Structure formats: C-alpha cells, structure tokens
Amino acid sequence: MSFFDPPQLIEADVFASVPDRLRKKGAPSSWVDANHPGSKLDCFLEGPAFDRQGNLYMVDIPYGRILRMSPGGEFDVAAEYDGWPNGLAIHRDGRIFIADYRRGIMTLDPKTGRVGEFLTHCFSESFKGVNDLTFALNGDLYFTDQGQTGIHDPSGRVYRYTTDGRLECLIANGPSPNGIVLDPNDKVLYVAMTRANCMWHCPLKPGGGVSKAGVFAQLPGIHGPDGLAMDEAGNLSAAHARPGIIWLLSAMGEPLYRVQSRVKASRMTNMAYGGADRSTLFIVDSYQGTILTAKMPVAGKVLYSHMQQPERQ
C-alpha cells in the first residue's frame with residue numbers, strides 16, 4: 001500500500017550557459033582548494049534571483065563574482081569583489097543582498113556595481129559562514145548561517161534581521177542550515193538542513209520567534225537539500241544536488257513532481273521562479289555553469305523584490 005502516488009516527471013532543458021569569455025579557466029581559487037580540491041572549476045553558480053526587469057542574478061562563489069543573465073540569455077559580470085558570495089535576495093528598492101560565507105551579509109548596487117558591508121557579525125561574534133537568505137513580505141530579512149555544521153555539530157543558526165534593525169537568532173541547533181524560504185503567508189519558515197538530509201518546518205509566532213519546529217520531509221540518499229523555492233499554492237521546491245533532482249512537495253509534504261535534466265550528470269543546486277507568468281523554474285547547474293528551465297504546474301510566489309513601493313505622502 002502506498003500513501004502517495006509516485007511523483008510525476010518534469011524534464012528540464014538547458015536555457016543558457018556561462019560563455020567561455022567569462023569562465024575563469026586555470027584561475028586560482030582558495031574556495032575550490034578548500035571545497036573541491038583537485039577540481040578544475042571555471043565557475044560555480046548558486047543563488048539565482050530575478051529583478052523587476054527579468055534579469056537573473058546569480059553568484060559565482062569561487063571567484064567572488066555576481067553574474068547577470070538577461071531575459072534573452074546573455075551574461076555579463078555585475079560585480080567582482082574579494083569574497084565568497086553564496087546566495088542572493090533582491091530588496092524591493094532594487095538593492096541586491098548577498099550571503100557571503102567569509103564576510104557576512106553584503107549589498108550590491110546593481111547600477112554602480114559597488115559591493116559594501118551590511119551585517120558582518122552578531123553582537124561582535126563572527127558568523128560561522130552565511131549561506132542563503134530571503135525577504136519576508138514586510139521586508140524582514142531571514143538568513144542561514146551554515147558554516148561547517150552537520151549532524152556531528154548541530155550548531156548552525158537561522159537569523160532574522162527586522163526592518164527596524166533588530167537581529168534575532170531563531171534557530172541555534174541546525175545541522176547545516178542551507179536554503180531558506182517562507183510560505184505564501186509568511187506563517188511558516190522552511191529551512192533545508194543539508195547534512196541531516198531533510199527540510200525543517202518552522203511555524204513563526206506572531207510576536208517573533210519559532211514554535212513547534214519539526215521535520216517537513218526527508219530526502220533519500222547521502223546528500224541533502226540545497227536551495228528552496230515556494231510557489232503561490234504553498235508547494236515547496238527543494239534542490240537535491242547530488243542526484244540532480246528538484247523535488248516539488250505539497251504543503252503536506254506529499255512528493256508531487258520530480259524535475260530532472262535531460263543532460264546527464266547535472267548538479268542542480270538552486271532555482272528561482274521566473275518568466276512572464278512566473279511558472280518557469282530557472283535552475284542553476286553549479287558544476288556545468290548552465291541555466292536550465294522547467295515548466296511548473298503552479299506559478300511561483302510573488303517575492304518582496306516585486307512588490308510595489310509604498311507611495312510617499
């Protein structure tokens with residue numbers, strides 16, 4: 001007897017690829033030496049996010065770059081700086097917030113290309129290594145502080161930085177908190193716990209803080225979820241990088257679809273909803289330096305970046 005129907009297959013196609021002129025072939029990288037010793041990675045994409053004009057921003061972790069892809073698939077370098085950018089989220093005012101593993105939360109002005117510090121420590125204590133971030137509909141910023149944590153050291157953290165400047169630690173016992181997303185009503189926070197191979201479901205209390213957190217879904221295999229995305233019906237997408245699958249799960253945790261690339265040996269680590277109707281999932285293949293697309297059954301949640309600015313009185 002099966003509790004769920006088998007998840008349906010959606011195939012993803014390659015939409016665009018980082019051009020040779022932007023690939024750092026043979027360039028030294030301390031990040032590659034530390035995380036993928038012996039590898040010849042000429043880029044490593046992560047953290048995609050769309051701006052209002054339909055440009056897709058993403059990080060190139062080992063080379064401290066923010067890349068930008070136009071709606072037509074052309075790439076350029078939006079910024080390059082001394083850091084290890086790992087995730088992106090775009091503010092309603094157009095600023096790009098960067099989760100930088102080495103330096104904390106940074107901001108990028110997309111018009112000038114200037115990268116500056118925003119939040120570099122927690123009450124004089126350095127972060128373990130921030131990973132990903134997302135905005136609530138009211139402008140509060142949520143981010144994960146993963147570092148080298150795991151089941152052996154469940155001390156990863158999840159923070160909220162409020163619009164009035166308060167930094168709150170919501171979770172302090174995470175085994176590798178990675179991708180992070182809110183449900184459509186900002187009532188529940190979902191966190192990918194990569195090295196525990198699961199996603200946590202964290203109800204948010206009205207006055208702040210997390211209550212009755214639990215495991216939302218467990219993934220098979222030895223390597224867990226990476227990036228997360230949310231659609232407007234409350235379905236959660238989770239990137240399962242090692243097997244190269246994007247799982248789409250209902251709000252009850254039922255596996256509805258699995259997205260797989262037509263290209264073998266794909267490592268899909270993160271994704272963002274885009275397109276004219278927000279129903280296309282744009283997926284980064286970190287190792288190949290490509291962007292894949294998959295048509296999804298439900299449009300993505302409208303993000304804070306695409307909400308209207310309040311009119312000035």
Side-chain angles (χ1 to χ4, degrees), residues 12-20 22-50 56-69 73 75 77-80 83-89 98-102 129-133 144 146 148 176-181 192 194-195 197 219 221-229 237-247 258-274 281-294:
D13 296 295
V14 175
F15 175 78
S17 179
V18 176
D20 285 344
L22 296 182
R23 291 180 180 263
K24 296 276 194 175
K25 297 181 179 179
S29 168
S30 56
W31 184 88
V32 173
D33 293 341
N35 293 277
H36 299 275
S39 298
K40 304 295 183 183
L41 294 174
D42 51 26
C43 65
F44 192 95
L45 306 182
E46 256 282 15
F50 280 100
L56 183 66
Y57 287 82
M58 68 206 81
V59 303
D60 178 16
I61 303 176
Y63 303 109
R65 298 189 298 176
I66 309 300
L67 302 183
R68 175 172 48 212
M69 186 187 77
F75 283 81
V77 178
E80 187 168 356
W84 289 352
N86 207 98
L88 291 179
I98 305 165
D100 187 292
Y101 186 92
R102 281 174 45 202
V130 296
N131 184 289
D132 206 354
L133 66 177
T144 54
Q146 180 186 41
Q148 297 298 301
S176 187
N178 191 330
I180 185 169
V181 72
T194 301
R195 294 168 195 132
N197 212 0
L219 298 184
I222 61 170
H223 193 271
D226 196 327
L228 303 178
S237 293
H240 202 179
R242 187 68 63 87
I245 297 172
I246 305 294
W247 298 101
R258 73 181 192 279
V259 180
Q260 291 183 258
S261 173
R262 297 181 195 271
V263 179
K264 294 182 178 180
S266 182
R267 288 279 188 97
M268 302 186 292
T269 58
N270 215 324
M271 58 279 177
Y273 280 95
L281 204 59
F282 287 75
I283 307 161
V284 294
D285 184 330
S286 298
Y287 288 77
Q288 302 298 325
T290 58
I291 305 297
L292 300 98
T293 56

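Quick note: residue numbers are just sequence positions, from 1. Predicted model only: the values in this text are computed from it and were never measured.
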Partners meeting side-chain contact (heavy atoms from CB on, under 4.5 Å) with Arg195 (sequence neighbours left out): Gln146, Ser176
Test salt bridge (charged side-chain N to carboxylate O under 4.0 Å, His left out) applied to Asp100 - qualifying residues, sequence neighbours left out: none
Smallest separation among heavy atoms of Tyr57 and Ala78, with atom names: CE2-CB, 3.8 Å
Say you draw a straight line from OG of Ser29 to CG of Leu41; how long is it, rounded to the nearest 0.5 Å? 8.0 Å
Could you tell me whether a side-chain N or O of Ser286 sits under 3.5 Å from a main-chain N or O of Leu45, the two making a donor and an acceptor? yes
Residue pair Ser39 / Val32: nearest heavy atoms and the distance that separates them: O-CG1, 3.8 Å
Report the C-alpha distance between Tyr63 and Val77 in whole Å, list the side-chain angles of each, state the deciding distance to 0.1 Å, and finish with yes or no for side-chain contact (heavy atoms from CB on, under 4.5 Å). CA-CA 11 Å; Tyr63 303 109; Val77 178; over 6 Å; no
Is there a donor-acceptor contact under 3.5 Å linking the side chains of Asn270 and Glu46? yes
Does the Asn197 side chain pair with the main chain of Leu219, one donor and one acceptor, at a distance under 3.5 Å? yes
Nearest atoms (heavy-atom pairs only) where Pro48 meets Leu56: CB-CD1, 3.8 Å
Could you tell me which residues satisfy side-chain hydrogen bond (donor to acceptor under 3.5 Å, both in side chains) with Asn35, sequence neighbours excluded, listed by chain and number? none
Look up atom OG1 in Thr144 and atom CG in Asn131, then write down how far apart they are to the nearest 0.5 Å. 4.5 Å
Applying salt bridge (charged side-chain N to carboxylate O under 4.0 Å, His left out), can you list everything that pairs with Arg242, at least two apart in sequence or on another chain? none
Once side-chain hydrogen bond (donor to acceptor under 3.5 Å, both in side chains) is applied, do any residues pair with Asp132, and if so which ones, sequence neighbours excluded? none
Those residues at least two apart in sequence (or on a different chain) that pass ring-ring contact (aromatic ring centres under 6.0 Å, His included) with Phe282 are Phe15, Phe50
Go through the steps for Val284 and Ile291 under the test side-chain contact (heavy atoms from CB on, under 4.5 Å), then give the verdict. CA-CA 5 Å; Val284 294; Ile291 305 297; 3.6 Å; yes
When rounded to the nearest 0.5 angstrom, what is the spacing between OG1 in Thr194 and CG in Asp226? 5.5 Å
Given side chains that start at C-beta, do those of Val59 and Leu88 come closer than 4.5 Å, heavy atoms only? yes
Can you list the residues that meet the side-chain contact (heavy atoms from CB on, under 4.5 Å) rule with Tyr101, with sequence neighbours excluded? Trp84, Gln148
Heavy-atom closest contact (Ser261 atom, Leu292 atom, distance): OG-CD2, 3.1 Å
Quick one: closest heavy-atom pair of Arg65 and Cys43, and the distance? NH2-CB, 4.4 Å
Nearest 0.5 Å, please: how far is CD in Glu80 from NZ in Lys24? 4.0 Å
Could you tell me which residues satisfy side-chain contact (heavy atoms from CB on, under 4.5 Å) with Ala241, sequence neighbours excluded, listed by chain and number? Thr269
Going by salt bridge (charged side-chain N to carboxylate O under 4.0 Å, His left out), name the residues that satisfy it together with Asp33, two or more places apart in sequence or in a different chain. none
Set of residues satisfying ring-ring contact (aromatic ring centres under 6.0 Å, His included) with respect to Phe44, sequence neighbours excluded: Trp31, His36, Tyr287
Reported CE-to-CD distance for the pair Met268 and Gln288, which is rounded to 0.5 angstrom: 12.0 Å
To the nearest 0.5 Å, what is the distance between CD1 on Ile246 and CZ on Arg258? 13.0 Å
Results of salt bridge (charged side-chain N to carboxylate O under 4.0 Å, His left out) for Lys25 - residues two or more places apart only: Asp20
Looking at every non-hydrogen atom in both residues, tell me the closest pair between Ile66 and Pro85 and how far apart they are. CD1-CB, 4.0 Å
Using the side-chain contact (heavy atoms from CB on, under 4.5 Å) criterion, which residues pair with Ser17? Sequence neighbours excluded. Arg23, Thr290
